[in-house]
Amino acid sequence: MAGSHLNVILLGAPGAGKGTQAARICARFGLAHISTGDMFRAAVAQGTEMGLAAKECMDAGALVPDEVVIGIVRDRLGEPDAVEGFLLDGFPRTIEQAASLDALLAEAGRGVSHVLLLDVPESELVERLAGRRLCRSCGTGYHIHFQPPRAEGACDACDGELYQRDDDNERTILNRLEVYRSQTEPLADYYKQHGLLETIVGSGMSPDEVFGAIEQKVVAPL
Ligand code: AP5
Ligand code: MG
Ligand code: ZN
């Protein structure tokens, strides 16, 4: 392990709770939250060329090409807040991305300190994603059954409007799960071989209880 910062990777299937836990982990440990999905959605909202190209992949439930993703992550990891410690949410998603990440961190004398795999049975993921709602203003996530807002359609934190992601329809969800199984699941073995993998039970408990289990595992490196 290189470097003395908490540099965490959060692995898990679509709907496993990466975004839900990332908010808690970053607040607790003061890490930069780097979500490639959020970065692509921001680019879509801004109507950039990269955003338009990414949207086609996202709407199909396919991955954005490795070279595009690796480029934006490389830039983001160089920003001052990320140099002090980061949490990657939704990256890497292929062995190619993982190998590129290792190389670019090593070049800078940095390294990954923890890889947390949120383990949720596949049978629960479709329902989690189909019922997810997000705040248009502050991004807080809800679920119509599991984490309902106090007032239907409105954010508890800021009263913003709640919306559904374009890729949270059943057809796209099934593609995303298939892509996860074939392209991303092999990363668990990759990080196990590197001695970094910690598996966290991500279901049958509230998000706060899942976070309690994560807190036990994340200890600052020497
Ligand atoms: P991305 O945005 O990363 O989506 P994802 O990986 O499919 O994961 P989600 O954000 O859907 O789920 P999550 O794990 O964050 O779950 P959440 O916490 O919201 O990527 C989107 C797309 O961008 C990809 O398909 C791809 O096209 C592209 N992309 C992104 N990164 C890429 C990369 N590296 N390479 C190539 N392409 C890339 O929770 C889900 C729901 O469950 C919520 O409603 C929540 O309230 C609920 N929930 C959470 N915890 C619990 C609990 N303990 N009990 C009950 N319900 C819970
Ligand atoms: Mg997410
Ligand atoms: Zn809000």
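As the structure is a computational prediction, the values presented were derived from the model and not from experiment. Atoms within a ligand are numbered from 1 in the order they appear, just like the ligands themselves.
Not a single heavy atom of Gly12 sits less than 4.0 Å from an atom of ligand 1. For the ligand labelled ligand 1, residue Glu209 lies outside the 4.0 Å heavy-atom shell. Residue Ala62 places a heavy atom less than 4.0 Å from ligand 1. The shortest separation from a heavy atom of Pro65 to ligand 1 is not under 4.0 Å, leaving the residue out of contact. The shortest heavy-atom distance from Gly61 to ligand 1 is not under 4.0 Å. Not close to ligand 1: Gly141, with no non-hydrogen atom less than 4.0 angstrom away. For the ligand labelled ligand 1, residue Arg133 lies outside the 4.0 Å heavy-atom shell.
Salt bridge Arg133/Asp168: absent, no basic N to carboxylate O contact under 4.0 Å. Asp59 has no carboxylate O lying under 4.0 Å from a charged side-chain N of Arg165, or vice versa, which leaves the two without a salt bridge.
At under 3.5 Å, a nitrogen or oxygen of Gly19, whether backbone or side chain, sits near a nitrogen or oxygen of ligand 1. Of the polar atoms of Thr20, at least one N or O is found under 3.5 Å from an N or O of ligand 1, judged by distance alone.
His143 and His145 have tilted rings, their planes meeting at an angle from 30° to 60° on a 0 to 90° scale.
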